[in-house]
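Presented below is the structure to which this report refers.
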Amino acid sequence: MSKIIDGKALSLKQRDIIAGQVSEFINKYGRSPGLAVILVGDDPASRVYVKNKRIACEKAGIKSFDYHMDTDISQTEVVSLIDTLNAEDDVDGILVQLPLPDHLNTQEILLRIDPSKDADGFHPYNLGRLLMGSPTIVSATPYGIMLMLKEYNVSIDGKDAIIVGRSNIVGKPMAILLMMAHATVTICHTHTKDLGAKVKSADIVIAATGRPHIIKGEWIKDGAVVIDVGITRTETGSLVGDVEFDEAIKHASLITPVPGGVGPMTITMLLENTLKVANGRKQ
Ligand code: GUN
């Protein structure tokens, strides 16, 4: 059996299931679920993500409302758009593409989204529910990773999992989900001492730093499962992950490629989250 986790194939399979559920929603309520996506500025990577999200929404039967705002837009204008979308009946989910330009207050903007429309699961209410062990909307990347692990029959109970990266979007929610599945979880970050030894002791490695090849292949324990969230474009134009794939695959029992691993799953789980919030509103 291949050691490579095929995130693309798995995400397409899951998107078919979601498209079927979207059809049921449309038959029942006479309208499509709707997702509003706010993009501020011209960051090339964010533009690609947003475009891919829009295409995936359309294919699944979800209506996509795109708001592309100038880089120098004011905080008041973004907040006011969110207020409008919170009150809009056709908008079930709202997503603000991150990172935002430095002059904007990300925390305040995320807080402004109605938690029942928070398709990303970034609102403190939804993060808090996850922390308490009764999740509502879970952020798409960690949610997709949990589905990958399940589909590839990775046993988590009692395993040592290491997460490299402590972001609100990936590292922190990932830690909670793995803990809920009874793993022993270690979170590592820029101040961690002897990262190599810590990675070497892990049965499950989640790399989410955005620093290309920071995880050396030789650090991977024989038989470990490696999930690479990082995706960075090099000067030569190729996409690389946080993990030295060519060496890591010699040791891992399963590993995600970059691209074609975690990325497509994230978009799929966003579709699932949008349908979930739409079903929660039921109108
Ligand atoms: N930027 C990087 N990943 C994400 C994501 O999952 N959602 C949003 N909104 N922004 C991101």
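When a ligand or atom number is given, it counts from 1 through the structure's own listing order.
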One pair per line, please: each N/O atom of ligand 1 matched with every protein N/O atom under 3.5 Å away, atom names first, then the distance to 0.1 Å.
from     : atom 1 : to     : atom 2 : distance (Å)
ligand 1 : 1 (N)  : Gln97  : NE2    : 3.3
ligand 1 : 1 (N)  : Leu98  : O      : 2.8
ligand 1 : 7 (N)  : Asp120 : OD1    : 3.2
ligand 1 : 7 (N)  : Asp120 : OD2    : 3.3
ligand 1 : 9 (N)  : Val96  : O      : 2.8
ligand 1 : 9 (N)  : Asp120 : OD2    : 2.6
ligand 1 : 10 (N) : Gln97  : NE2    : 3.4
ligand 1 : 10 (N) : Leu98  : N      : 3.0

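Side-chain N/O atoms of Glu77 and Ser80 include no donor and acceptor closer than 3.5 Å.
The salt bridge (charged side-chain N to carboxylate O under 4.0 Å, His left out) test applied to Lys51 returns no partner, not counting sequence neighbours. Every residue two or more places apart in sequence or in another chain was checked for a side chain to side chain contact (heavy atoms under 4.5 Å, CB included) with Thr84, and none qualifies. By the salt bridge (charged side-chain N to carboxylate O under 4.0 Å, His left out) test, Asp203 is found to be paired with Lys221, residues two or more places apart in sequence or in another chain being considered.
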Working note: Glu244 + Ile215, criterion side-chain contact (heavy atoms from CB on, under 4.5 Å); need CA distance, chi angles, decisive distance, verdict. CA-CA 6 Å; Glu244 275 184 349; Ile215 309 293; over 6 Å; no

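Between Val277 and Asp92 the shortest heavy-atom distance is CG2-O, 3.5 Å.
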